[in-house]
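Keep in mind that this is a model prediction, so the values were computed, not measured. We use all heavy atoms of the structure for the numbers below, so side chains are in, but hydrogens, waters and symmetry mates are not. Order of the sequence lines sets the chain letters (A, B, ...), proteins ahead of strands, with each chain counted from 1.
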2 protein chains.
Amino acid sequence: MAVTIKDVAQRVGKSVTTVSRALHGYDDVSEETRTLVEKVAEEMGYRPNTLAQRLQKRTTDTLGLVLPTFGPRFSDPFFSEFLAGIGNKAADFGYDLLVSTQPPGEREMHAYKQAVESRRVDGFVVVRTRMNDERINYLRGIDFPFVAFGRTHGELDFPFVDEDSQHGMRLMAQHIIQQGFHRVACIAPEPDLMFAKYRLDGFREGLAEAGGSLEDRYLKYSDLTQRGGYEKANELLAMDEPPTAIAACNDLMAFGAIRAAHEQGLAIGEEIAITGFDDIPMSEHFHPPLTTVNQPIYEIGGRVCEMLIHHIQGKPLEEEQVILKPSLVLRESTGVETEEDI
Amino acid sequence: MAVTIKDVAQRVGKSVTTVSRALHGYDDVSEETRTLVEKVAEEMGYRPNTLAQRLQKRTTDTLGLVLPTFGPRFSDPFFSEFLAGIGNKAADFGYDLLVSTQPPGEREMHAYKQAVESRRVDGFVVVRTRMNDERINYLRGIDFPFVAFGRTHGELDFPFVDEDSQHGMRLMAQHIIQQGFHRVACIAPEPDLMFAKYRLDGFREGLAEAGGSLEDRYLKYSDLTQRGGYEKANELLAMDEPPTAIAACNDLMAFGAIRAAHEQGLAIGEEIAITGFDDIPMSEHFHPPLTTVNQPIYEIGGRVCEMLIHHIQGKPLEEEQVILKPSLVLRESTGVETEEDI
DNA sequence: AGTATATTCCAAAACGTTTTGGGAGTCAAA
DNA sequence: TTTGACTCCCAAAACGTTTTGGAATATACT
């Protein structure tokens with residue numbers, strides 16, 4: 001059907017070898033035949049068959065990304081932005097991006113193993129790391145290229161990009177106290193997620209440094225959804241002595257908490273402070289605009305992707321392990337009045 | 001490095017052919033050798049090389065999806081849910097999903113053409129169709145398999161799934177009028193998007209049927225982001241005679257409009273009604289909860305994917321063109337008090 | 001003239017599969 | 001004993017590339 005290199009060779013009256021070498025700029029082919037080959041290939045609409053090229057070069061030029069989804073209504077703006085960051089960078093380098101969606105667990109691991117064993121990808125981007133991360137253990141065990149977004153507990157002898165969310169949450173705690181909110185609660189995700197630990201630790205440190213503390217009764221665990229944040233915030237607000245500040249560990253849960261506070265008729269930013277983490281685009285446009293910790297998700301995606309490609313190509317990485325300093329974004333949900341930075 | 005079928009063949013003392021046929025359940029191989037082959041293959045950890053298989057079978061077992069992104073901060077919850085729908089269904093059928101992200105235009109078309117010409121995918125999911133859709137023209141022109149989410153203007157001789165958003169917006173218009181809001185505005189996306197036409201047409205029809213109309217000054221065009229909705233709503237609310245209802249053509253823009261109304265101190269659902277379209281998970285948890293038109297995004301993704309796979313495999317489609325009836329989700333942003341459906 | 005050196009080319013192997021088109025052996029029926 | 005059917009097997013071709021390891025010719029230098 002399609003035009004193959006053999007067809008081109010026949011047409012120019014040269015061997016397949018010569019055509020291939022002409023097209024790849026080898027210098028053992030005369031200027032004359034090179035231009036002829038190029039012309040004919042162009043005319044015939046020759047496009048190399050990627051599969052054949054990849055088989056021969058023993059490389060897939062493909063990156064793998066397994067998105068950890070929870071339930072069908074997977075709808076985390078965080079991931080679409082991260083995906084765009086990876087995807088665009090991958091395209092720049094001529095790599096394909098193979099995406100699959102699996103909830104953490106057996107099927108997820110199966111997706112990784114299958115991709116590795118049947119040689120579908122050259123490397124992985126591992127996202128949302130966990131305390132003891134089976135994906136990373138596996139990939140490290142077989143020495144398969146990957147770069148993680150996030151760290152793990154224990155040995156950190158693999159390449160990653162992470163934000164210093166411990167520091168971010170420390171700043172956030174201090175900000176909350178400074179704004180005059182003293183009964184402070186936190187909604188954290190399942191503690192198996194690595195960033196949960198960092199954010200919670202940082203939050204505790206920040207409170208301690210500002211002379212406060214996080215009481216056990218004010219610590220709630222939830223999934224990372226709005227619904228989860230809503231439910232846990234409702235529990236908190238129904239207590240005898242409800243908190244006057246709720247720090248959620250991501251923006252989505254903060255949105256849920258805001259809704260709960262609204263329903264209780266609380267003036268957010270005055271009677272209660274609510275904070276998030278991530279600074280997804282929506283947080284600026286929420287009512288009220290959300291105080292949160294900025295995470296340059298798109299850039300991180302690009303960075304991770306670039307590191308992975310270098311890794312695959314055996315190029316040395318100038319920085320194997322990147323930790324970014326976060327910055328606070330202060331908005332009305334903690335009582336800060338601002339003309340929003342546009 | 002990795003175990004090939006040749007290694008297995010050598011080990012069992014049979015030909016490569018026999019091993020291949022044993023592993024694929026052909027009946028011209030004895031029960032004895034079959035079990036032996038299976039055992040040895042298992043022991044040696046043999047996994048067929050996908051690339052080689054695909055080259056030989058002249059198929060890629062891969063679906064293409066090019067997400068139309070606008071700018072780096074691409075963060076549309078709509079797409080992550082749609083992606084999950086496609087991804088999970090593709091996995092069920094053993095297909096890979098190749099994702100790239102490109103803004104509409106030249107680079108986008110290049111992504112399609114490259115994937116087709118270098119034979120990287122067996123078919124495409126085309127999302128967010130446009131009036132005169134170059135992607136569809138191209139794919140149809142070369143008779144390449146695809147299924148669209150959405151229709152186009154003109155001939156509809158290709159497989160698609162779409163929601164009858166015309167009907168949805170008709171219902172919405174009537175609901176708004178019924179709730180007693182009469183100065184009605186609309187924020188629509190660039191008219192090149194096909195669903196913009198349907199939604200706007202439907203909205204006009206609904207208003208007409210309820211004895212109203214959409215004045216030109218109350219029609220604003222925007223991108224599909226929150227920021228856009230916010231800006232256009234501000235323009236509307238700054239008019240001498242501002243509208244008392246704003247129907248946005250997606251939830252994200254509605255969120256932006258809500259923020260604008262909040263900032264004007266308007267009581268949403270009472271002094272002004274605001275509506276969206278899509279019913280992304282967040283719309284239930286917004287403040288106030290958003291009246292919108294439900295679109296089963298995850299299911300549509302799965303449906304489109306399944307249709308595409310059938311198409312690729314040459315199986316007849318029971319339904320080539322699917323149009324789903326939408327349903328209104330009434331919430332507080334139009335003054336409806338509900339115990340939310342959980 | 002003979003030898004080295006460029007220059008230009010290509011046959012064949014390789015990547016790892018699946019499929020094609022038989023072949024050899026056994027057994028029962030003619 | 002031949003014939004036909006059946007069972008089990010396999011060499012070789014094919015998929016479409018790239019790379020290896022020369023070969024052939026022309027040119028330049030002793």
* Looking at Glu108(B) and Arg128(B), does any basic side-chain N land under 4.0 Å from a carboxylate oxygen? -> no

* To do: Identify whether any heavy atom of Thr33(B) sits under 4.0 Å from a base atom; if not, whether one sits that close to sugar-phosphate; answer base, sugar-phosphate or nothing.
  => sugar-phosphate

* To do: Mind calculating the distance between CD (Glu31(A)) and P (dC9(C)) to the nearest angstrom?
  => 11 Å

* Check the pair Leu63(B) / Ile312(B) against side-chain contact (heavy atoms from CB on, under 4.5 Å), numbers first and verdict last. => CA-CA 10 Å; Leu63(B) 272 26; Ile312(B) 288 170; 3.7 Å; yes

* Would you please indicate yes or no on a ring centroid separation below 6.0 angstrom for Tyr138(A) and Tyr112(A)? => no

* Test log, rule side-chain contact (heavy atoms from CB on, under 4.5 Å), inputs Arg119(B) and Arg58(B) -> CA-CA 9 Å; Arg119(B) 274 139 290 172; Arg58(B) 259 141 312 202; over 6 Å; no

* Identify whether the distance between the nearest side-chain nitrogen and carboxylate oxygen of Arg34(A) and Glu38(A) falls below 4.0 Å. => no

* Asked: Which part of the nucleic acid, if any, lies within reach of Arg47(A) when heavy atoms closer than 4.0 Å are counted: base, sugar-phosphate only, or nothing?
  -> sugar-phosphate

* **Contact nearer the 5' end of DNA chain D, comparing Arg119(B) with Gly13(B)** => Gly13(B)

* Start and end of the DNA chain D segment that chain B contacts, any atom under 4.0 Å from a heavy atom -> dC8(D) to dG16(D)

* To do: Report the residue (Thr18(A) or Gln56(B)) whose heavy-atom-nearest nucleotide on DNA chain C is the more 5′ of the two.
  => Thr18(A)

* To do: Could you tell me how the ring of Phe82(B) sits relative to the ring of Phe78(B): parallel (under 30°), tilted (30 to 60°) or perpendicular (over 60°)?
  => parallel

Sequence neighbours excluded and cut-off under 3.5 Å, please list the side-chain donor-acceptor pairs for residues 146-154 of chain B, or say none.
unit_1, atom_1, unit_2, atom_2, d
Arg151(B), NE, Asp162(B), OD2, 2.8
Arg151(B), NH2, Asp162(B), OD2, 3.3
Arg151(B), NH2, Glu163(B), O, 3.4

Anything under 3.5 Å between a protein N or O and an N or O of nucleotides 21-27 of chain C, put it in a table, one pair a line.
none

* Stepwise side-chain contact (heavy atoms from CB on, under 4.5 Å) test for Glu190(B) and Leu193(B) -> CA-CA 6 Å; Glu190(B) 45 167 332; Leu193(B) 288 177; 4.0 Å; yes

